[in-house]
Amino acid sequence: MTLWNGSFPFYPGPSASFPFDTTRATIVSIFLSMLVTFIIILPGIRGRRRLFWFLWVVMGLFVGAVVLTVQFSRDWERGWVAANVSYKSFSAALVTVGVGLHVGLAGLNVTLLGAPVRQLNETIDYNEHFAWGADYEQSYGAGLQKGLPTPILYVAEKFRARSPCGAQQQYRSAGRYASIALWMAFCTWLISLLLFSMPILLYGAYLLLLTATLMLFSLLFFSTARNTAKCPIQLGTAALKTGYGAAFWLTLATGLLCLLLGLAILILNSKQPEKLKLVFSLEQGAGGSEAEQGKCYLPAEPSCSLHDVLMVPLADLHEVTATKL
């Protein structure tokens with residue numbers, strides 16, 4: 001096949017390769033900028049509180065970055081298979097390619113990579129995204145019009161709404177509920193940071209446990225679609241099988257981490273509160289005890305000098321009956 005005007009025949013543009021994930025890069029850049037800012041002010045913290053404070057900041061930023069990243073990730077479920085398949089419809093020519101499937105909460109990506117990349121005078125390096133819902137049929141129809149390779153259309157057809165497999169409805173519902181759970185986890189994470197900074201450690205630990213629970217529930221929601229029976233995806237003599245992706249395992253690890261941190265804070269709060277205050281940079285004697293802070297003082301005798309003022313607690317004052325002269 002020959003080139004025409006810089007593009008391959010039957011294609012309005014050159015083949016689409018795997019795109020750079022700008023959303024993930026933006027999220028990582030924002031949290032790295034926040035981390036650098038905290039590192040800059042780190043020398044202003046004295047003593048061993050510096051280490052505990054730095055570790056807590058890193059942990060908090062890591063949890064927030066993970067919750068946002070997996071929300072937009074397309075790697076909750078993935079699969080890859082090498083096969084000899086027909087490249088174009090109505091053509092008997094076979095190509096050796098690798099076909100990949102990446103499923104996210106909002107849709108799926110189908111990748112096609114030639115081995116070698118250059119075959120049949122073409123560069124076989126494709127990535128196509130299909131969002132759930134009404135946009136899926138539009139993306140699929142657009143792929144038919146511009147003549148996408150047969151393996152991509154075959155895999156995408158398995159997830160159409162009118163497909164007898166019924167996979168799209170399962171993944172669409174599971175992704176919606178998992179996304180809601182993750183957004184709620186992000187909100188509870190923000191509130192927990194606010195409570196820890198006030199500091200209200202006990203309620204912060206409760207919110208951290210709630211964050212872990214919501215993250216684990218998002219995994220449970222997504223697993224409902226993953227564990228249901230699906231139509232086999234047969235590419236030549238090979239079958240495309242999928243498993244949990246990096247986003248799933250990262251969410252699981254972060255949820256368990258939040259769970260352990262929340263339980264550790266609750267245990268320290270009940271067993272060794274002094275060590276817990278040390279971790280959160282709270283000095284017990286800095287502002288005095290709550291009982292001492294609650295006392296009000298009045299001058300016992302009037303004085304012209306500020307240094308001669310004698311303060312006595314209000315509790316020590318007695319009621320005096322005044323006699324009118």
Side-chain angles (χ1 to χ4, degrees), residues 8 10-24 70 72-89 91 93-120 122-172 174-175 222 225-226 228 230-248:
F8 296 109
F10 313 111
Y11 290 84
S15 59
S17 60
F18 197 86
F20 182 72
D21 195 345
T22 56
T23 302
R24 182 184 303 177
V70 298
F72 301 101
S73 175
R74 301 173 183 175
D75 202 22
W76 280 76
E77 183 179 349
R78 63 185 308 176
W80 181 266
V81 65
N84 294 324
V85 294
S86 174
Y87 182 60
K88 293 288 184 64
S89 300
S91 174
L94 298 178
V95 291
T96 302
V97 295
V99 182
L101 175 63
H102 304 264
V103 182
L105 302 182
L108 60 87
N109 278 62
V110 183
T111 60
L112 182 68
L113 181 63
V117 177
R118 190 74 177 177
Q119 298 183 52
L120 300 179
E122 293 193 22
T123 300
I124 305 177
D125 187 7
Y126 292 86
N127 175 77
E128 295 294 329
H129 176 68
F130 301 90
W132 303 131
D135 294 337
Y136 195 95
E137 295 299 323
Q138 296 178 2
S139 301
Y140 185 81
L144 288 174
Q145 291 180 2
K146 66 181 182 180
L148 286 179
T150 302
I152 295 180
L153 295 175
Y154 170 74
V155 175
E157 188 177 5
K158 294 289 185 178
F159 293 89
R160 295 185 66 186
R162 63 186 66 181
S163 173
C165 300
Q168 182 182 141
Q169 181 62 32
Q170 299 169 3
Y171 279 97
R172 183 182 178 185
F222 186 80
R226 174 69 179 84
T228 53
K230 298 185 292 292
C231 294
I233 303 177
Q234 194 72 28
L235 295 165
T237 58
L240 177 59
K241 297 181 180 180
T242 59
Y244 291 120
F248 182 92

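One-based numbering along the sequence shown. All values reported here derive from a predicted model rather than from experimental measurement.
With rounding to the nearest 0.5 angstrom, the CG atom of N109 is 4.5 Å from the CG atom of N127. In this structure, CG in L240 is found 9.5 Å from CD in Q234, a value given to the nearest 0.5 Å. To the nearest 0.5 angstrom, I152 atom CD1 is 5.0 Å from L112 atom CG. Rounding to the nearest 0.5 angstrom, the gap separating the CD atom in Q168 from the CZ atom in R160 is 9.5 Å.
In this view, Y140 satisfies the ring-ring contact (aromatic ring centres under 6.0 Å, His included) rule with no residue, not counting sequence neighbours. Residues that satisfy the salt bridge (charged side-chain N to carboxylate O under 4.0 Å, His left out) test with R78, not counting sequence neighbours, are D75.
Taking every heavy atom of both residues into account, S86 and K88 meet most closely at OG-O, 3.0 Å. Here the closest non-hydrogen pair linking A167 and F159 is CB-CD2, 3.8 Å. In terms of heavy atoms, L108 sits closest to H129 at O-ND1, 3.2 Å. Closest heavy-atom contact between A239 and V81: O-CG2, 3.7 Å. Across all non-hydrogen atoms, the minimal contact from K158 to S163 is O-OG, 3.5 Å. Across A238 and A82, no two heavy atoms sit closer than the pair CB-O, 3.7 Å.
With a 4.5 Å cut-off on side-chain heavy atoms, Y87 and E122 count as touching. For the pair V97 and V85, the minimum side-chain heavy-atom distance is below 4.5 Å. At a threshold of 4.5 Å between non-hydrogen side-chain atoms, the residues W80 and L113 count as touching.
Counting only distance, with no hydrogens or angles, the side chain of Y154 and the backbone of I233 share no donor-acceptor pair below 3.5 Å. Judged purely by atom type and a 3.5 angstrom limit, Q119 uses its side chain to pair as donor or acceptor with the backbone of T96. The closest donor-acceptor contact from the side chain of Y136 to the backbone of G107 lies at 3.5 Å or more, if one exists at all.
With F130 as the fixed residue, the side-chain contact (heavy atoms from CB on, under 4.5 Å) test singles out one of V155, V110, D135: V110.
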Pair T242-V103, side chain to side chain contact (heavy atoms under 4.5 Å, CB included): steps then yes or no:
CA-CA 9 Å; T242 59; V103 182; 5.8 Å; no
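Ring pair Y171/W132 is parallel by interplanar angle, where below 30° counts as parallel and above 60° as perpendicular.
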